[in-house]
Student: 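Questions regarding the structure given below will be posed in turn.
Starting from 1, each residue takes its place in the sequence as its number.
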Amino acid sequence: MTPPVRILLCDDHAVVRAGLLALLGGEPDIEVVGEAGSGEEAVALAARLGPDVVLMDLQLGPGIDGVEATRRIAAAGTAHVLVLTTYDTDADITRAIEAGATGYLLKAERPEELFAAIRAAAQGRTTLSAPVAGRVMARMRNPRPTLTARELDILGQLSQGLGNRDIARALFISEATVKTHLGRIYEKLGVDTRAGAVSVAKEQRLLP
């Protein structure tokens with residue numbers, strides 16, 4: 001008999017975790033072995049419990065976000081990460097996939113799609129929600145400026161109106177590094193001002 005797929009849930013909302021626990025509990029070949037309410041907790045539990053798949057939300061409140069938690073878990077090789085979120089912007093999808101996520105699923109999916117995605121992720125196979133797959137294909141057909149995860153981070157801070165010093169402090173990098181990244185962002189987006197960068201990024205859905 002094939003052993004069940006061992007799952008670790010990571011979502012900062014207890015009600016969501018309870019709903020997922022109840023939903024997955026009805027599948028005989030899926031076993032939830034742990035729950036995490038933060039990115040840090042997910043990384044620690046993944047290392048300790050060794051699940052096959054981590055169901056990861058992206059927005060996790062204070063502390064590291066789902067993308068950073070995904071990056072750490074993927075780098076450690078402790079589990080496959082299947083993102084389960086409500087966010088489907090290009091920025092979110094790009095950052096999650098670059099971080100090493102095996103799949104990207106939206107919470108609006110039917111339960112059967114979730115079960116299938118979990119089983120696929122356990123085998124290392126990629127599963128994308130239809131809207132996410134559509135966005136990925138559209139980007140391949142009509143390539144947009146490709147920004148690195150760090151450039152997207154800086155762009156996000158920029159959209160909040162932060163100056164170079166505050167961005168450097170928030171991302172734990174030097175102001176000189178921020179200026180270097182900004183120069184690359186301006187060049188890729190074809191702009192020469194901060195406002196222009198934010199405007200183009202929003203038009204092309206590079207920002208949440």
Student: Between E151 (side chain) and L147 (backbone), is there a donor-acceptor pair under 3.5 Å?
Tutor: no
Student: Restricting to side-chain hydrogen bond (donor to acceptor under 3.5 Å, both in side chains), what partner residues turn up for S199, sequence neighbours left out?
Tutor: none
Student: Indicate yes or no: at least one non-hydrogen side-chain atom of D11 is less than 4.5 angstrom from one of K107.
Tutor: yes
Student: Is a side-chain donor-acceptor pair under 3.5 Å present for N164 with R194?
Tutor: yes
Student: About how many Å separate NE2 of H181 and CD1 of I154, when rounded to the nearest 0.5 Å?
Tutor: 4.5 Å
Student: Could you tell me if the side chain of S38 sits less than 4.5 Å from the side chain of D12, heavy atoms only?
Tutor: no
Student: Quick check on the hydrophobic clustering: are L49 and V32 connected, directly or via other members, by side-chain heavy-atom contacts under 4.5 Å?
Tutor: no
Student: For T85 and Q59, run side chain to side chain contact (heavy atoms under 4.5 Å, CB included): C-alpha distance rounded to whole Å, both residues' side-chain angles, the deciding distance at 0.1 Å, then the answer.
Tutor: CA-CA 8 Å; T85 185; Q59 303 297 330; 5.6 Å; no
Student: If you group Ile, Leu, Val, Met, Phe, Trp and Tyr by side-chain heavy-atom gaps below 4.5 Å, do V33 and L9 land in one group?
Tutor: no
Student: Is it true that atom OH of Y87 has more than 12 heavy atoms of other residues, nucleotides or ligands lying nearer than 6.0 Å?
Tutor: no
Student: Which heavy-atom pair separates V5 from A122 by the least distance, and what is that distance?
Tutor: CG1-CB, 3.7 Å
Student: So R125 and R119, do their side chains get closer than 4.5 Å, heavy atoms only?
Tutor: no
Student: Quick one: does E40's side chain have a donor or acceptor within less than 3.5 Å of a partner on I64's backbone?
Tutor: yes
Student: Decide yes or no on side chain to side chain contact (heavy atoms under 4.5 Å, CB included) for T2 and D29, but give the supporting numbers first.
Tutor: CA-CA 8 Å; T2 305; D29 63 337; over 6 Å; no
Student: Working to the nearest 0.5 Å, report the span between OG1 of T70 and CG of L58.
Tutor: 7.0 Å
Student: Would you name the heavy atoms of G66 and M56 that are closest together and state the gap between them?
Tutor: O-CG, 3.8 Å
Student: List the atom of P51, the atom of A46, and the distance in Å for their closest heavy-atom pair.
Tutor: CD-O, 3.5 Å
Student: Is there a side chain to side chain contact (heavy atoms under 4.5 Å, CB included) between Y104 and L82 once you walk through the steps?
Tutor: CA-CA 6 Å; Y104 197 108; L82 175 59; over 6 Å; no
Student: Which distance, rounded to the nearest 0.5 Å, do you find between the CD1 of I185 and the CG of L158?
Tutor: 7.0 Å
Student: Is there a side-chain contact between L21 and E35 in this structure, where contact means two heavy atoms from C-beta onward sitting under 4.5 Å apart?
Tutor: yes
Student: Does some side-chain heavy atom of V53 sit less than 4.5 Å from a side-chain heavy atom of L8?
Tutor: no
Student: For residues I73 and A42, report the shortest heavy-atom separation together with the two atoms involved.
Tutor: CD1-O, 4.0 Å
Student: Do you know which two heavy atoms are closest between L207 and S159, and how far apart they sit?
Tutor: CD1-CB, 3.9 Å
Student: With salt bridge (Lys or Arg N to Asp or Glu O under 4.0 Å) as the criterion, how do R17 and D57 come out once you've worked through the C-alpha distance, each side chain's angles and the decisive distance to 0.1 Å?
Tutor: CA-CA 10 Å; R17 296 199 305 273; D57 191 13; over 6 Å; no
Student: Going from NE2 on H80 to CD1 on I118, what distance comes out if it is rounded to the nearest 0.5 angstrom?
Tutor: 13.5 Å
Student: Of all heavy-atom pairs between P4 and P28, which one has the smallest distance, and what is that distance?
Tutor: CB-O, 4.2 Å
Student: Is there side-chain contact between L24 and L55, with heavy atoms separated by less than 4.5 Å?
Tutor: yes
Student: Could you go through the side chain to side chain contact (heavy atoms under 4.5 Å, CB included) check for V83 and L105 one step at a time?
Tutor: CA-CA 6 Å; V83 171; L105 219 61; over 6 Å; no
Student: Which residue pairs pass the salt bridge (Lys or Arg N to Asp or Glu O under 4.0 Å) test with at least one member in residues 62-77, sequence neighbours excluded?
Tutor: D65-R95, E68-R71, E68-R72
Student: Verify the distance criterion only: is there a donor paired with an acceptor across the side chains of T180 and T177 at less than 3.5 Å?
Tutor: no
Student: Can you find a pair of side-chain heavy atoms, one from I30 and one from R6, that are under 4.5 Å apart?
Tutor: no
Student: In the structure I gave you, are the side-chain heavy atoms of I97 and I93 within less than 4.5 Å of one another anywhere?
Tutor: yes
Student: Can you hop from V54 to L60 via hydrophobic side chains spaced under 4.5 Å?
Tutor: yes
Student: Could you state the interatomic distance from CD1 (I7) to CG (L20), rounded to the nearest 0.5 Å?
Tutor: 10.0 Å
Student: R184 and E187: salt bridge (Lys or Arg N to Asp or Glu O under 4.0 Å), yes or no, with the steps?
Tutor: CA-CA 5 Å; R184 291 175 184 155; E187 183 178 347; over 6 Å; no
Student: To the nearest 0.5 Å, how far apart are CG in L155 and CG in L189?
Tutor: 6.5 Å
